[in-house]
Protein chains: 2
Amino acid sequence: MPVTIYDVAREAGVSMATVSRVVNGNPNVKPLTRKKVLAAIERLGYRPNAVARGLASKKTTTVGVIIPDISSLFFSELARGIEDIATMYKYNIILCNSDQRMEKELQLINTLLEKQVDGLLFMGAEIKEDHLQALTSTSVPTVLAATRDADNALPSVTIDHFQAGYDATQALIDRGHKRIAMITGPQSDPLSGLMRFEGYKKALIDAGIGLNEELVANGNFFYESGLTKTKEFLKLAEPPTAVFAANDEMAIGAIHAIQDSGLNVPADIEVIGHDNIRLVEMVRPRLTSVVQPMYDIGAVAMRLLTKYMNNENVEEHVVLLPHRIEYRESTRPEQA
Amino acid sequence: MPVTIYDVAREAGVSMATVSRVVNGNPNVKPLTRKKVLAAIERLGYRPNAVARGLASKKTTTVGVIIPDISSLFFSELARGIEDIATMYKYNIILCNSDQRMEKELQLINTLLEKQVDGLLFMGAEIKEDHLQALTSTSVPTVLAATRDADNALPSVTIDHFQAGYDATQALIDRGHKRIAMITGPQSDPLSGLMRFEGYKKALIDAGIGLNEELVANGNFFYESGLTKTKEFLKLAEPPTAVFAANDEMAIGAIHAIQDSGLNVPADIEVIGHDNIRLVEMVRPRLTSVVQPMYDIGAVAMRLLTKYMNNENVEEHVVLLPHRIEYRESTRPEQA
DNA sequence: CTGTTAGCGCGTTCAC
DNA sequence: GTGAACGCGCTAACAG
C-alpha cells in the first residue's frame with residue numbers, strides 16, 4: 001500500500017540505489033536524473049521509511065530523554081531547551097517520565113536502548129551504581145542534565161549548587177541578617193537537596209554565625225511544604241528574619257505563610273528562592289531568586305550529546321553553567 | 001558487536017523462530033525450551049532490536065505527540081496525562097513542539113509519519129484544511145487533544161468551551177455584577193479564544209445585560225497581558241466590578257493589576273480564571289477558576305488513540321469532558 | 001511444539 | 001554516474 005523506494009525507482013526509470021542517493025543528498029547523481037527522481041517522488045507522494053532506514057544505517061536520529069516529571073515547572077523548561085536543540089540538529093525526542101523511581105529509570109534506559117536511540121539524556125536526582133552500570137554498558141552516548149554522578153564518570157551539565165546555596169545565603173548575610181532559615185530539598189537529592197544546604201551552612205559558618213538547627217527544615221520542593229515549614233518557623237521564640245528556600249515553589253509558600261501571619265515581605269522577613277522559574281514574576285512581592293538556567297542546561301546538554309553522537313572531540317565533559325541572583329521585591333535593596 | 005536473535009538461538013540450540021516466540025510471549029513453546037532460551041538471553045545479555053522488529057511487524061509501539069509548547073503549565077500537564085496512559089499501554093512518545101506555527105505542524109506530522117508512529121496525538125489551536133488533509137491522507141490514527149476541528153472530522157477530546165465561558169460569566173452575574181469585563185484569548189483560537197468569549201457574550205445577553213465593548217480586551221494568554229489589560233479597565237470612567245479571564249495566568253495578572261491600584265480582590269473586584277492550573281493555589285487570594293481537566297484530557301485522548309490503534313470499536317469520536325467551577329477566595333461567597 | 005523461508009524498506013559496497 | 005546484490009535484525013506464515 002505505501003509507496004516504497006522501489007516504486008519511485010520504477011516510476012523514474014532508475015534503480016533504487018539512485019533514488020536512495022537523491023533522497024540522501026549524495027552528490028554523485030546527474031542533475032537530470034535527480035530531477036526525474038524528484039518528480040517521481042512528488043508524483044507518488046513518496047515518504048521515506050525511517051524505520052527501514054534506521055535498520056540499514058544503524059542510526060535513528062532519535063534520542064531518549066528520561067525526565068522525572070514533565071508537568072513540573074522546572075523540568076518542562078529544561079525539556080524545551082532539549083527539544084529545541086534536538087530539532088536544530090534534526091533529532092527527535094522520545095520523552096519518558098521516571099518520577100525518580102530507580103526501578104523505572106533502569107527500565108526506561110533499557111526500553112530506549114531497545115528502540116536504538118542514538119543518544120540518551122538523563123535527568124534525575126541521585127545517580128547510583130546501577131544507573132552507571134546500565135548507562136555505561138552500552139556504546140550509546142549519555143549526558144546528564146541538571147544532575148551529576150559523584151565521580152563525574154558521565155558527561156553532565158549543571159550549575160554549582162554548593163556555590164549557589166552559598167551565594168544566596170551570603171546575600172542575606174550582607175543584608176544584616178543573623179537568623180536565616182533554610183527550607184531545604186530532600187537530602188537524598190545530592191545537588192538540589194544536599195549541596196544547596198551545604199552552601200548555606202558554609203556561608204553561615206564563614207560569617208561566624210554558625211548553623212542553627214532550629215532554623216533548618218526539610219521540604220519536598222512543593223509549595224505546600226514551603227507554607228507548612230515556614231509556619232513552624234514563625235512559631236519559634238525567635239523567628240527567622242530571612243528565609244532561603246531551595247526552590248521557588250517553596251519560597252512562595254514561605255511568602256504566603258509570612259503574609260498570612262500578618263507580617264510583611266520583605267519589611268519583616270526577606271525571602272529568597274532558587275531556580276528562577278517563570279512563577280517568580282507572578283507573585284506579590286515578586287520573588288528574588290537564584291537563577292538556574294533550566295532552558296540553557298537542557299540546550300547545552302543536548303548540544304553536548306550531538307557532539308558525542310557525531311564522534312566530535314569534546315574538551316570538557318563536565319559543564320558548569322553560571323548562576324546569579326536576580327533581585328526582586330521579596331528582598332530589600334542591599335545595605336550600603 | 002551487539003548480540004542478535006541468531007546468537008541467542010545458537011547459544012540455546014534452537015532456531016531463531018523459537019527465540020522470537022519466547023521473546024514475544026507466544027505460548028506455543030515447551031516450558032523446558034523456553035527456559036533454555038531465557039537462560040541464553042540472560043547469559044548473552046540479549047536486547048531485542050525494536051527497529052528491526054518495527055520493520056518486520058509494521059508496528060513501532062510509538063506515538064507522535066505534537067504540542068504547542070511543552071514548557072507551558074497548561075500543556076505540560078496534558079502531556080503528563082498522555083504519557084502516563086501511553087506507558088500503561090506500552091507505548092512510547094515522540095514529543096514535538098510546534099509553537100502553533102502551521103508550517104512546523106505540517107512538517108512535524110510528516111516527520112512523525114516517516115518514523116512510522118502507530119498513532120498521532122495533536123494539540124494546537126486552529127485546525128485548518130491543510131491539517132485535515134495531512135492527517136487524513138494516512139491510515140495512521142489521529143486524535144486531537146484539547147482541540148477540535150470545525151466539522152468533527154477527526155476524533156477529539158475537549159471540554160465545552162462555550163458552556164465554560166457561559167458558566168463563568170453566569171457565576172459572576174449571580175453575584176450581582178452588571179459590569180463584567182472579559183480578557184479573552186486570541187480570537188484566532190476557535191475554542192479557548194472564541195468560544196469562551198461567545199459563552200460570555202451569550203450569558204450577558206441572556207441576563208439582559210448585553211455586551212459592552214469597552215469591557216472586552218483581547219489578551220494572549222500570558223500573565224503580562226492580564227496585567228496590562230486590567231490596568232486599562234481600571235482607567236475607565238466606570239471600571240468593571242468583576243473580571244473573567246480566559247485563562248489563569250491572565251487572571252492572576254488581573255488580580256495583581258487590581259491590587260497594585262490599591263483595590264481589593266474580591267471585595268472591590270471579583271476575578272475568575274480558566275483552566276485551574278496548579279498556579280491558582282499559589283497566589284493570594286487563591287483564584288476561583290473553571291476547571292479544565294488537562295491531565296484527563298491527555299489521558300482520555302491517549303486512551304482513545306489506543307483503541308483506534310487496536311482497531312477496537314469506538315462509540316463516540318468526539319468526547320466532551322465535564323467542567324466545573326472551583327470556588328476560591330478571588331470571588332465572594334455566592335449571594336443568597 | 002519447532003524449524004525453514006521469505007520478506008519488511010532501505011543503505012551500501014562493488015562492479016560496470 | 002548508475003545498477004545489482006547483499007544484509008540490517010526480526011516477524012510471520014508455512015511445513016512438519
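We name chains A, B, ... by the order of the sequence lines, and we start the count at 1 in each one.
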Discussion item. Do A:V23 and A:I41 have side chains that approach each other closer than 4.5 Å (heavy atoms only, starting at C-beta)?
Written reply: yes

Worksheet item: Which is it for B:T306 and B:N310 under the side-chain hydrogen bond (donor to acceptor under 3.5 Å, both in side chains) test, yes or no, and what are the steps along the way?
Response: CA-CA 6 Å; B:T306 64; B:N310 289 324; 5.0 Å; no

Fill in: Exercise: identify the closest heavy-atom pair between A:A12 and A:V37
CB-CA, 4.0 Å

Item to complete: Check the distance between C:dT13's C1' and A:N26's CG and give it to me in whole angstrom.
Response: 13 Å

Worksheet entry | Taking every non-hydrogen atom, the tightest pair across B:S98 and B:E105 | CB-CG, 3.5 Å

Discussion item. Less than 4.0 angstrom between a side-chain N/O of B:S20 and OP1 or OP2 of D:dT11, yes or no?
Written reply: yes

Discussion item. Under the side chain to side chain contact (heavy atoms under 4.5 Å, CB included) test against B:L144, which residue among B:L304, B:V318, B:L120, B:I127 passes?
Written reply: B:I127

Practice prompt. Answer yes or no: is there a side-chain heavy-atom contact under 4.5 Å between B:F122 and B:H131?
Written response: yes

Fill in: Sequence neighbours excluded, every pair satisfying side-chain hydrogen bond (donor to acceptor under 3.5 Å, both in side chains) that has a member inside residues 49-75 of chain A
A:T60-A:D118, A:T61-B:K115, A:T62-B:K115, A:D69-A:S71, A:D69-B:R80

Discussion item. Between A:R21 and A:N28, is there a side-chain donor-acceptor contact under 3.5 Å, judged purely by atom types and distance?
Written reply: no

List, with names and distances, any nitrogen or oxygen atoms from the protein found under 3.5 Å away from nitrogen or oxygen atoms belonging to nucleotides 2-4 of chain D.
{"residue": "D:dT2", "atom": "OP1", "partner": "A:T33", "partner atom": "OG1", "Å": "2.3"}
{"residue": "D:dT2", "atom": "OP2", "partner": "A:K30", "partner atom": "N", "Å": "2.8"}
{"residue": "D:dT2", "atom": "OP2", "partner": "A:T33", "partner atom": "OG1", "Å": "3.3"}
{"residue": "D:dG3", "atom": "OP2", "partner": "A:S15", "partner atom": "N", "Å": "2.9"}
{"residue": "D:dG3", "atom": "OP2", "partner": "A:S15", "partner atom": "OG", "Å": "3.3"}
{"residue": "D:dG3", "atom": "OP2", "partner": "A:T18", "partner atom": "OG1", "Å": "2.6"}
{"residue": "D:dG3", "atom": "O6", "partner": "A:R21", "partner atom": "NH2", "Å": "2.6"}

Practice prompt. Would you mind reading off the distance between B:Q116 atom CD and D:dC10 atom P, rounded to a whole angstrom?
Written response: 19 Å

Response to the item:
Overall bend of the helix from C:dC1-D:dG16 to C:dC16-D:dG1 (five pairs an end, 10° steps) is 30°

Worksheet entry | Pairs meeting criterion ring-ring contact (aromatic ring centres under 6.0 Å, His included) with involvement of residues 8-46 of chain B, two or more places apart | none

Listing time: all N or O pairs from protein to nucleotides 7-9 of chain C that are below 3.5 Å?
{"residue": "C:dC8", "atom": "O3'", "partner": "B:K58", "partner atom": "NZ", "Å": "3.0"}
{"residue": "C:dC8", "atom": "O2", "partner": "B:A56", "partner atom": "N", "Å": "3.3"}
{"residue": "C:dG9", "atom": "OP1", "partner": "B:K58", "partner atom": "NZ", "Å": "3.0"}
{"residue": "C:dG9", "atom": "N2", "partner": "A:A52", "partner atom": "O", "Å": "3.4"}

Worksheet entry | Whole-Å gap separating C1' (D:dG9) and NZ (A:K115) | 16 Å

Worksheet entry | Sequence neighbours excluded, every pair satisfying side-chain hydrogen bond (donor to acceptor under 3.5 Å, both in side chains) that has a member inside residues 132-149 of chain B | B:R148-B:N152

